[in-house]
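Single-structure report; data block below.
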Amino acid sequence: MKHLLILIAPLLLGMAAHSQGPRFSHQTIFVTDLERAAKFYEQVMELKRIPEPFHDGKHVWFRVSEHGQLHVVSGAKEDIPHDINIHLAFSVPSMEAFTKHLDEFHVKYGDWSQKNTIPQVRPDKVKQIYLQDPDGYWIEVNDDTF
């Protein structure tokens, strides 16, 4: 029996890994000015730049979670309107500290309606604000602790 378990253990592990659904890998945004977008995500959103395989001056990649990435790609011809319903969302330990940081960079933010800079509170008590990157992509920032 012990030898049988040794033989089938790799198969069982492989099946367990295979039965897991897809995991998030990355989100790509297409931008008009790569340097402007990269500066925003590095300085304003405080994301860490990570190596990208293209090395062509058209891609900048950022770490957004343990395994998740944001791929910023140049080549968009114009900034187009984006709907707030489609947004990236990030959590921060302190909304007060992060909104102060946004104020220092003169970044406009607000509640869903964009009429108020006071973070709105969701039904689960999580505070959130919305802002746009230089290409108009919407970003939610909240204080969710998971």
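Side chains included, hydrogens not; waters and symmetry mates left out as well; all remaining heavy atoms used. This structure is a prediction, so every number in the text was calculated from the model and none was measured.
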Residue pairs passing the salt bridge (Lys or Arg N to Asp or Glu O under 4.0 Å) test with at least one member in residues 50-67, sequence neighbours excluded, are none

Across all chains, not counting sequence neighbours, the ring pair (Phe, Tyr, Trp, His ring centres under 6.0 Å) partners of F54 are H59

request  = Kindly check if the number of other-residue, nucleotide or ligand heavy atoms within 6.0 Å of CD1 (I84) is above 12?
outcome  = yes

With sequence neighbours left out, the residues meeting salt bridge (charged side-chain N to carboxylate O under 4.0 Å, His left out) with D111 are none

Quick note, ring-ring contact (aromatic ring centres under 6.0 Å, His included) partners involving residues 29-49, not counting sequence neighbours, are none

Smallest heavy-atom separation, D79 atom then P134 atom, equals OD2-O, 3.6 Å

**Prompt:** Given the rule in the side chain to side chain contact (heavy atoms under 4.5 Å, CB included) test, do Y109 and T117 qualify, once you have shown the distances and angles that lead to the verdict?
**Reply:** CA-CA 6 Å; Y109 60 90; T117 59; 3.9 Å; yes

Grouping ILVMFWY residues whenever side-chain heavy atoms fall under 4.5 Å, the cluster of I80 otherwise contains none

Inset, instruction - Using a 4.5 Å cut-off on heavy atoms from C-beta on, say whether the side chain of L131 contacts that of V141. - result: yes

With sequence neighbours left out, the residues meeting salt bridge (charged side-chain N to carboxylate O under 4.0 Å, His left out) with E35 are none

Could you tabulate the donor-acceptor pairs under 3.5 Å formed by side-chain atoms of residues 69-78, not counting sequence neighbours?
{"residue": "Q69", "atom": "OE1", "partner": "H71", "partner atom": "NE2", "Å": "2.7"}

Practice item. Answer with yes or no whether the hydrophobic clustering places W138 together with V31; edges join I, L, V, M, F, W, Y residues whose side-chain heavy atoms lie under 4.5 Å apart. Key: no

Decide whether F62 and L34 are clustered together by the hydrophobic rule: side chain heavy atoms of Ile, Leu, Val, Met, Phe, Trp, Tyr closer than 4.5 Å, transitively. yes

| query | Between S91 and D144, do the side chains contain an N or O donor and an N or O acceptor separated by less than 3.5 Å? | reply | no

Margin query: Taking I29 as the starting point, is it possible to reach V60 by hopping between hydrophobic residues whose side chains are less than 4.5 Å apart?
Written below: yes

Residues passing the ring pair (Phe, Tyr, Trp, His ring centres under 6.0 Å) test with Y137, sequence neighbours excluded, are H82

Taken in chain and number order and not counting sequence neighbours, the residues that satisfy ring pair (Phe, Tyr, Trp, His ring centres under 6.0 Å) with W112 are Y130

For residues 125-141, the salt bridge (Lys or Arg N to Asp or Glu O under 4.0 Å) pairs (sequence neighbours left out) are R36-D135, R122-E140

When every non-hydrogen atom of E46 is compared with those of Q43, the smallest separation belongs to CG-O, 3.6 Å

The ring pair (Phe, Tyr, Trp, His ring centres under 6.0 Å) partners of H101 (sequence neighbours excluded) come to F98, F105

Do you reckon M95 sits in the same ILVMFWY cluster as L102, going by side-chain contacts under 4.5 Å, direct or chained?
-> yes

With a 4.5 Å cut-off on side-chain heavy-atom distances among I, L, V, M, F, W and Y, is there a chain of contacts connecting L88 to W61? no

Residue pairs meeting salt bridge (Lys or Arg N to Asp or Glu O under 4.0 Å), one or both in residues 82-107, sequence neighbours left out, come to none

